[in-house]
Amino acid sequence: MMEMVLVLVMVWLIVFGLLGLKWVLKRVNVWIYESKLGEEIQEYLPPGDLGWPFIGNMWSFLRAFKTSDPDSFLRTYTTRYGHNGVYRAHMFGNPSVIVTTPETCRRVLTDDDSFQTGWPKSTMELIGRKSFIGISYEEHKRLRRLTSAPVNGPEALSAYIPYIEEACTTALEKWSKMGEIEFLSHVRKLTFRIIMSIFLSTESENVMDALEKEYTNLNYGVRAMAINLPGFAYHKALKARKKLVAAFQSIVTNRRNQRKENLSSNKEDMLDNLIDAKDENGRTLEDEEIIDVMLMYLNAGHESSGHTIMWATILLQEHPEILQKAKEEQEWIVKKKAPGQKGLTLKETREMEYLSQVIDETLRVITFSLTAFREAKSDVFVNGYIIPKGWKVLTWFRDVHLDPEIYPEPKKFDPSRWKGYTPKAGTFLPFGLGSRLCPGNDLAKLEISIFLHHFLLKYRLERTNPACPVMFLPHTRPKDNCLARITKTTSN
Ligand code: HEM
């Protein structure tokens with residue numbers, strides 16, 4: 001009897017102890033981050049909680065994004081707190097507010113007086129302190145001005161078309177002879193080749209393959225927990241950054257030497273632009289600055305377009321009637337070419353109305369950039385709640401794009417929803433908004449259009465595992481990287 005009582009007491013103590021421990025642990029982040037805010041601010045904090053010490057809410061985020069239902073992460077907030085569109089959480093090592101509606105995302109992305117860029121420190125270590133995500137407002141404005149037109153201006157885009165076409169047709173032809181391939185890995189190499197040519201006029205196969213591999217490792221670390229220990233993705237990513245920096249340093253040093261000896265080619269690329277850039281006081285950029293800007297551009301400029309090309313191809317192939325309509329449009333583009341005209345023109349790519357709807361729908365359904373990061377510069381009221389100074393803000397694009405109120409049957413791939421439809425402000429954000437709107441958006445659409453033009457005219461995709469599960473981190477992709485064969489539909 002006595003023993004029974006003792007066991008019961010022990011069990012009771014253990015249960016009580018565990019509950020007490022949970023109660024204490026759940027309050028650690030509250031004590032650290034919320035108690036110092038003052039009562040008035042605390043009263044207006046958005047609903048939510050700051051999770052566990054150190055990991056915050058990352059465990060729920062990673063768990064949800066490792067299932068087939070990543071949206072279950074935010075659903076727990078909407079179920080518990082309603083559709084306020086503003087929730088507090090502890091994400092990527094910081095007290096944060098997640099905003100999920102067109103209005104709140106738009107407000108955060110366009111209000112530069114109240115918000116600045118706010119990528120987690122771990123991301124900054126990987127992408128670079130001197131890249132766009134680490135520099136001052138003024139410096140960012142200057143470097144954007146300097147780099148935007150040579151990437152995205154109509155003149156530049158027209159000049160890139162022959163190279164992009166050549167790269168796409170050569171790649172498709174080569175893949176069609178290779179049997180089964182990892183389609184995503186090959187498309188990434190293709191988009192990397194294109195961005196390398198724009199930035200560095202380089203085409204060395206070996207250099208490109210080696211750099212692209214390091215970028216893959218870098219990106220796995222960007223959305224992972226920042227644990228710098230062997231075996232963890234972040235540790236591997238830091239090592240990849242070191243290798244990339246060393247490779248770019250030798251490229252910059254070589255170019256400077258070639259320029260000194262007048263040995264560089266006549267063709268100006270982005271590296272020349274960056275070396276030549278001077279501010280109003282005549283200050284030029286140091287190697288470290290050039291390297292971080294290039295490292296960022298080359299990363300942003302190939303991962304996203306590579307994934308989008310893959311998804312657009314998969315989605316077209318999965319919807320024969322949409323594929324047929326897109327193909328007919330491309331045949332029409334070819335048919336109306338002037339005699340003797342070989343390549344595509346910028347005007348023709350802008351006449352691909354249906355293809356543009358296919359691409360927009362792909363960007364919406366897949367939402368390559370799940371979220372952007374900002375930081376509140378002061379205590380800011382959004383939707384009736386306060387975002388405290390210094391807290392991060394995550395604009396959750398995925399939720400906006402999959403909102404059934406905005407896009408009925410949101411998971412359905414339906415390019416025709418874009419016919420004659422102009423999205424309301426903040427409802428379509430694949431490229432972000434405001435002063436940090438993607439500076440490569442037109443280039444990306446151009447690359448994707450040119451690839452699909454040639455794909456639709458001559459090829460088809462046969463996936464090895466069409467029902468392969470999808471992974472959502474670091475970016476949405478089939479687990480097998482889209483194992484497939486590219487085959488010809490015509491013999492010419
Ligand atoms: C489908 C393709 C692409 C998608 C979905 C995409 C998406 C985005 C998004 C959402 C942002 C905004 C991030 C923020 O607000 O913090 C962004 C920024 C950026 N993108 Fe893209 N992008 C694509 C292609 C490209 C290409 C081709 C380039 C390079 C030529 C590029 C270069 C950049 C750069 C440098 C930034 C940082 C801008 C800044 O901070 O001012 N992107 N991109």
Under 3.5 Å, is there a donor-acceptor pair between the side chain of [X] and the main chain of [Y]?
X    : Y    : value
N219 : Y215 : yes
W311 : T476 : yes
S148 : R145 : no
T427 : P102 : no
E165 : L344 : yes
T371 : T395 : yes
H401 : I366 : no
E289 : E286 : yes
R436 : F132 : yes

Do you know the tightest heavy-atom contact between [X] and [Y]?
X    : Y    : result
V400 : C105 : CG2-SG, 3.9 Å
P478 : I314 : CG-CD1, 4.1 Å
F397 : S369 : CD1-O, 3.1 Å
Y297 : I195 : O-CG1, 4.3 Å
N152 : C438 : ND2-O, 4.5 Å
R417 : R364 : NH2-NH2, 3.3 Å

Check step by step if side chain to side chain contact (heavy atoms under 4.5 Å, CB included) holds for R374 and S114.
CA-CA 10 Å; R374 297 291 184 270; S114 307; over 6 Å; no
Among R193, K189, R188, salt bridge (Lys or Arg N to Asp or Glu O under 4.0 Å) partner for E212:
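So, applying the salt bridge (Lys or Arg N to Asp or Glu O under 4.0 Å) to E212 and each of R193, K189, R188, only R188 qualifies.
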Spatial distance of atom [atom1] ([X]) from atom [atom2] ([Y]) [nearest 0.5 Å]:
X    : Y    : atom1 : atom2 : value
I133 : T123 : CD1   : OG1   : 6.0 Å
K130 : I135 : NZ    : CD1   : 10.0 Å
D269 : M196 : CG    : CE    : 10.5 Å
L157 : Y160 : CG    : OH    : 7.5 Å
D69  : R75  : CG    : CZ    : 4.0 Å
K236 : L218 : NZ    : CG    : 12.0 Å

Below 3.5 Å, can you tabulate the donor-acceptor pairs from side chains in residues 49-63 to any protein atom, sequence neighbours excluded?
unit_1, atom_1, unit_2, atom_2, d
D49, OD1, G51, N, 2.7
N57, OD1, H90, N, 2.6
N57, ND2, Y77, OH, 3.4

Step by step, would you call N84 with N383 a side chain to side chain donor-acceptor pair (under 3.5 Å)?
CA-CA 8 Å; N84 306 310; N383 240 16; over 6 Å; no
S122 side chain to Y234 side chain, donor-acceptor N/O pair below 3.5 angstrom:
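No, because no side-chain N or O of S122 sits under 3.5 Å from a partner of the opposite role on Y234.
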Modelled atom types, side-chain donor and acceptor of S435 and K141, under 3.5 Å:
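Distance-only check fails for S435 and K141.
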Between [X] and [Y], does any side-chain N to carboxylate O distance fall below 4.0 Å?
X    : Y    : answer
D111 : K377 : no
E139 : R283 : yes
R255 : D287 : no

Over 60° means perpendicular and under 30° means parallel, so tell me whether [X] and [Y] are parallel, tilted or perpendicular.
X    : Y    : result
H475 : H307 : perpendicular
Y44  : F381 : perpendicular
F183 : F451 : tilted
W418 : Y407 : tilted

Side chain to side chain contact (heavy atoms under 4.5 Å, CB included) between T101 and H83, intermediate numbers included
CA-CA 9 Å; T101 60; H83 289 266; over 6 Å; no
Can you check side chain to side chain contact (heavy atoms under 4.5 Å, CB included) on L298 and F192, steps first, answer last?
CA-CA 7 Å; L298 261 60; F192 194 59; 4.2 Å; yes
Please lay out, stage by stage, how W396 and F73 fare under the test ring pair (Phe, Tyr, Trp, His ring centres under 6.0 Å).
CA-CA 12 Å; W396 212 262; F73 171 63; 5.8 Å; yes
Scan residues 240-261 for pairs that pass ring pair (Phe, Tyr, Trp, His ring centres under 6.0 Å), counting only residues two or more places apart or in two chains.
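Listed once each, the pairs would be none.
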Start with the C-alpha distance between H235 and K239, add both sets of side-chain angles, then the distance that settles side chain to side chain contact (heavy atoms under 4.5 Å, CB included), and finish with yes or no.
CA-CA 6 Å; H235 180 77; K239 279 173 121 177; 4.1 Å; yes
Show the numbers, then the answer: is there a salt bridge (charged side-chain N to carboxylate O under 4.0 Å, His left out) between E34 and R88?
CA-CA 11 Å; E34 290 181 11; R88 81 179 185 279; 2.7 Å; yes
Consider side chain to side chain contact (heavy atoms under 4.5 Å, CB included). Of I359, V358, D360, which one does S356 pass it with?
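When side chain to side chain contact (heavy atoms under 4.5 Å, CB included) is applied between S356 and each of I359, V358, D360, only D360 qualifies.
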